[in-house]
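As structure tokens, the structure follows; a few thoughts come after it.
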Amino acid sequence: MKCKGVIRQLCDYLDGELDPALAEELEKHLEHCEDCHLVVDTTRKTIEIYCNTEPLPLPADVRGRLERALADRLRES
Ligand SMILES: [Zn+2]
């Protein structure tokens with residue numbers, strides 16, 4: 001799996017909805033890719049903070065903005 005694949009699967013992964021085989025692939029990538037590790041870690045914390053204050057899942061617009069920001073970041077590097 002490449003960095004872009006990680007970003008694409010990130011939301012499902014953090015929601016625990018990702019296919020177990022894909023999740024395993026994603027985790028393997030994280031072991032050797034510091035960039036993605038950081039992105040996943042930051043995103044997970046953001047979602048946890050959000051979920052602790054709101055009873056609803058991350059709204060679509062927040063998700064969209066987050067995904068766009070991450071995609072931009074990957075394009076730059
Ligand atoms: Zn990566």
Side-chain angles (χ1 to χ4, degrees):
M1 187 182 285
K2 300 221 164 69
C3 294
K4 275 192 179 152
V6 172
I7 300 301
R8 216 172 296 138
Q9 313 291 349
L10 186 57
C11 283
D12 281 348
Y13 174 66
L14 293 177
D15 281 347
E17 285 169 6
L18 191 61
D19 184 82
L22 274 175
E24 200 178 309
E25 241 189 276
L26 193 147
E27 276 160 11
K28 266 190 210 135
H29 179 96
L30 295 183
E31 278 171 24
H32 64 79
C33 183
E34 213 173 302
D35 259 2
C36 287
H37 191 91
L38 198 74
V39 167
V40 171
D41 213 45
T42 308
T43 308
R44 183 186 280 137
K45 280 190 190 118
T46 307
I47 291 171
E48 273 171 10
I49 290 163
Y50 194 87
C51 287
N52 284 338
T53 52
E54 291 282 334
L56 296 168
L58 202 62
D61 65 320
V62 175
R63 266 184 184 229
R65 252 185 290 150
L66 194 64
E67 280 168 7
R68 268 197 301 280
L70 295 175
D72 283 351
R73 216 194 116 149
L74 282 180
R75 258 198 302 276
E76 278 163 23
S77 60

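This structure is a prediction, so every number in the text was calculated from the model and none was measured.
For the side chain to side chain contact (heavy atoms under 4.5 Å, CB included) with Cys36, the qualifying choice from Leu70, Leu30, Leu26 is Leu30, the only one to do so.
Note on Arg68 versus Asp72: no salt bridge recorded, every NZ/NE/NH1/NH2 to OD/OE distance being 4.0 Å or above.
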Name the atoms and distances for all side-chain donor-acceptor pairs under 3.5 Å in residues 2-21, with sequence neighbours left out.
{"residue": "Tyr13", "atom": "OH", "partner": "Glu27", "partner atom": "OE2", "Å": "2.8"}
{"residue": "Asp15", "atom": "OD2", "partner": "Arg63", "partner atom": "NH2", "Å": "2.4"}
{"residue": "Asp19", "atom": "OD2", "partner": "Ala21", "partner atom": "N", "Å": "3.2"}

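No continuous path of ILVMFWY side-chain contacts below 4.5 Å connects Met1 to Leu38, so the two sit in separate hydrophobic clusters.
Atom CG of residue Leu66 and atom OG1 of residue Thr46 lie 6.5 Å apart, to the nearest 0.5 angstrom.
In His37, the NE2 atom is not crowded: 12 or fewer heavy atoms of neighbouring residues, nucleotides or ligands sit closer than 6.0 Å.
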